[in-house]
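Everything below concerns the one structure shown next.
Note: hydrogens, waters and symmetry copies are ignored here, and every other heavy atom, side chains too, is used.
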Amino acid sequence: MSDLKISALPDEKPVRLTIDLPAPVHRDLLAYAEAMNALHQQSVTPQKLVAPMIEKFILSDGVFLRWRQKGSGVSSSSPV
């Protein structure tokens with residue numbers, strides 16, 4: 001369990017986004033933050049995990065990345 005997909009959080013100016021999450025997803029975020037705190041001695045909150053998790057997901061979607069490369073869509077300025 002020492003190889004979490006999210007290991008470090010960037011220190012960037014955030015853009016506020018308000019979302020509603022299903023309770024099980026929130027519980028998983030709490031557990032993931034707890035794991036990061038234990039494994040990496042970081043003080044991480046579930047809120048800080050959402051952006052890196054979404055970014056990892058987006059960058060793992062080959063169809064989306066190919067679509068983006070063709071010039072369709074907004075480009076990202078911060079690769080993981």
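Within the 4.5 Å cutoff, the side chain of L29 has heavy atoms near those of the L21 side chain. Put simply, the side chain of M36 reaches to within 4.5 Å of the side chain of Y32, judged on heavy atoms.
Around CD of Q42, the count of heavy atoms belonging to other residues, nucleotides or ligands within 6.0 Å exceeds 12.
Nearest heavy atoms, A33 versus P46: CB-N, 4.0 Å.
By the criterion of side-chain heavy atoms lying less than 4.5 angstrom apart, applied directly or through intervening Ile, Leu, Val, Met, Phe, Trp or Tyr residues, I54 is not grouped with L30; the two fall into different hydrophobic clusters. F57 is not connected to V63 by any chain of hydrophobic side-chain contacts under 4.5 Å among Ile, Leu, Val, Met, Phe, Trp and Tyr, and they are in different clusters. Linking ILVMFWY residues whenever their side-chain heavy atoms come closer than 4.5 Å, directly or via other members, places V25 and I19 in the same cluster.
Rounding to the nearest 0.5 angstrom, the gap separating the CG atom in D61 from the CZ atom in R66 is 8.5 Å. For the atom pair M53 CE and I58 CD1, the distance stands at 14.0 Å (nearest 0.5 Å). To the nearest 0.5 Å, the span separating CG on L49 from CG on D28 amounts to 11.5 Å.
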